[in-house]
Amino acid sequence: QDKHPAKGEITKSSVTPRGGGYNSARSAKAKVVSVASELGKSIVMALLELEVLGLLASCGIDGKVMLWDIFTGKAKTTLKGHDMGVRCMAFAAASKVLVTGGYDYNLMVWNPYVGTSIHIMKGHIAQIVGVEVLGNASNQVVSADSEGSVKTWDLGTYQCLQTIVVSGVLKLRAFLSIPGYKRILCVDRKFVAHDYLNTGVADQTDEHPIIKSIYIPRLKVFISGCTSHLRIWDAVTGAIKCVIEHPESEITDFCVDDRGRKVFIANHDGEIKVYNSTTGCEIKKLTKHEQEISGMIYCRGDKNLMTVSWDHSIMVHDESEKSAKVLRVATHIHAGDIMCVAFSRHLGLIATGATDCVISLREYTRLRSISFLLGHKADITALAFVDPLPLLVSADSN
């Protein structure tokens, strides 16, 4: 076309093909599609279809990434964050994130739904010439820069999994990943092939089974946990804010205080550790149980933490103190292993369920036994008070 299209539009025009271009008898006209940049001046470096979202992404020398509605041709969102021009893009359909790279040496991960950057992956020392997803269902990408450094990244943890330095090239021009053969082809004046490691399992949240997840409205964060670590997520952007590693023993349960600033983690060895939810640093340890902790509840307003264990005991900890302090303990409250616990501040009651098929009701203030609820014929697996009503819901393994 003679001039750039109007601002924020995808324009279509009919062009009569010249002789010799293709069989004009079968197609009398061809559709030429032109994508306009936001200002109509920047050079577009790459186009990418976000198939599952019905969008088209374009990136340019101006450092912007624009998302277009394929059906209407209208500009939807402009992603700004790169300091220099953007050269390449890749879309991970498994996690629905867009990864871009360019002349500022950085890889940026975007959430197309909200148009904000989730994370910046740094590590390249030259302009990035390409980025690709390692398979249709993968949550890993591979990127390459002009100096011959090829890196594999995990989009769940944003960590670099592997770095390959391509030798024998003056300036890497392009590369291609072949996931079926776990091989990467790099090219300058010659082809160089490298095999890469296949680490991790493609998953949107974690590589291991998630045992629990909670939402903290005050801080707008999610916390998801598996047996080895906890991840704290920004609920607005989807970015990982903090990872709390717990390699000593398998995590069995976790909870937070009333402000969401402290995370309490219980494990298979009966230990209770307190972490800072912002930095992931360990703050202190509370008094441990003799066996695995099967449940824990934070008592809002009292700054108390309640824990139950397979050692048939229940503890109420004062977490406001700098050192470990137990306010009250009840032992031998069940004949079997305690599986779950529920607490009602409104009623002042604690309910525990165990493998002996019995539900025990106790006072919160003194842990004095009130009654035993019978009727289940299998292990009690879940309990919940229906506040403010004087009701308790229970479930068993059958």
Side-chain angles (χ1 to χ4, degrees), residues 10 35 44-60 63-82 86-102 106-122 128 130-143 151-161 177 179-180 198-210 213-215 220-226 229-243:
I10 296 179
V35 180
V44 177
M45 298 296 294
L47 298 174
L48 178 68
E49 180 188 4
L50 313 186
E51 187 174 357
V52 296
L53 305 181
L55 298 175
L56 175 72
S58 63
C59 61
K64 299 175 183 178
V65 179
M66 296 191 66
L67 302 181
W68 309 80
D69 189 307
I70 295 179
F71 302 102
T72 64
K74 301 295 183 181
K76 300 282 289 184
T77 310
T78 300
L79 310 179
K80 301 178 181 179
H82 281 281
V86 184
R87 180 170 177 177
C88 53
M89 301 178 292
F91 179 67
S95 53
K96 293 182 176 61
V97 296
L98 178 67
V99 184
T100 59
N106 294 330
L107 287 169
M108 299 193 72
V109 185
W110 307 85
N111 182 346
Y113 292 104
V114 297
T116 57
S117 174
I118 297 175
H119 196 79
I120 300 177
M121 298 187 294
K122 298 184 178 182
I128 299 173
V131 57
E132 293 187 4
V133 181
L134 293 176
N136 295 330
S138 175
N139 204 32
Q140 298 176 3
V141 296
V142 59
S143 59
K151 295 179 178 290
T152 306
W153 308 83
D154 187 289
L155 294 179
T157 61
Y158 307 114
Q159 294 179 343
C160 180
L161 303 177
S177 65
N198 188 14
T199 56
V201 179
D203 197 352
Q204 296 184 20
T205 306
D206 214 304
E207 294 79 21
H208 305 284
I210 296 175
S213 63
I214 57 177
Y215 176 63
K220 292 183 174 61
V221 298
F222 286 96
I223 302 180
S224 63
C226 63
H229 60 267
L230 268 60
R231 289 177 177 171
I232 301 177
W233 306 78
D234 190 313
V236 178
T237 66
I240 295 178
K241 301 186 69 174
C242 179
V243 178

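Just the heavy atoms: all of them, side chains too, but no hydrogens, waters or symmetry mates, feed the values below. Counting begins at 1 with the first residue of the sequence.
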When you compare the side chain of Leu48 with that of Leu98, does any pair of heavy atoms fall below 4.5 Å?
yes

Looking only at heavy atoms, which two atoms of Gly81 and Met108 are closest? And how far apart?
C-SD, 3.6 Å

Glu51 atom CD, over 12 foreign heavy atoms within 6.0 Å:
no

Separation between CZ (Phe222) and CG (Asp234), nearest 0.5 Å, reads 10.0 Å

Write down the atom of Pro112, the atom of Phe91, and the distance for their closest heavy-atom approach.
CG-CE1, 4.3 Å

How many angstroms lie between CD1 in Ile118 and CG in Asn111, if you round to the nearest 0.5 Å?
4.5 Å

I want to check something: taking the side chain as every heavy atom from C-beta on, are Ser58 and Trp68 in contact at a cut-off of under 4.5 Å?
yes

At what distance, to the nearest 0.5 angstrom, does CD of Gln140 lie from CD of Glu132?
14.0 Å

Counting C-beta onward and ignoring hydrogens, is there a side-chain heavy-atom pair between Thr157 and Arg231 closer than 4.5 Å?
yes

Correct closest heavy-atom pair for Val131 and Val141 would be CG2-CB, 4.3 Å

Determine the minimum heavy-atom distance between Cys88 and Cys59, stating which atoms define it.
N-SG, 4.2 Å

Quick one, Thr100 and Leu79 - any side-chain contact, counting heavy atoms below 4.5 Å?
no

Are Leu155 and His119 packed together at the side-chain level, in the sense that at least one heavy-atom pair is separated by less than 4.5 angstrom?
no

Calculate, to the nearest 0.5 Å, the distance between atoms CE and CE belonging to Met45 and Met89 respectively.
10.5 Å

Nearest heavy-atom neighbours spanning Trp233 and Gly156
CH2-O, 4.4 Å

Could you give the distance from CD1 (Ile120) to CG (Leu107), rounded to the nearest 0.5 Å?
10.5 Å

Distance in Å, Asn106 CG paired with His82 NE2, rounded so as to fall on 0.5 Å steps
7.5 Å

Residue pair Gly101 / Val86: nearest heavy atoms and the distance that separates them
O-CG1, 3.6 Å

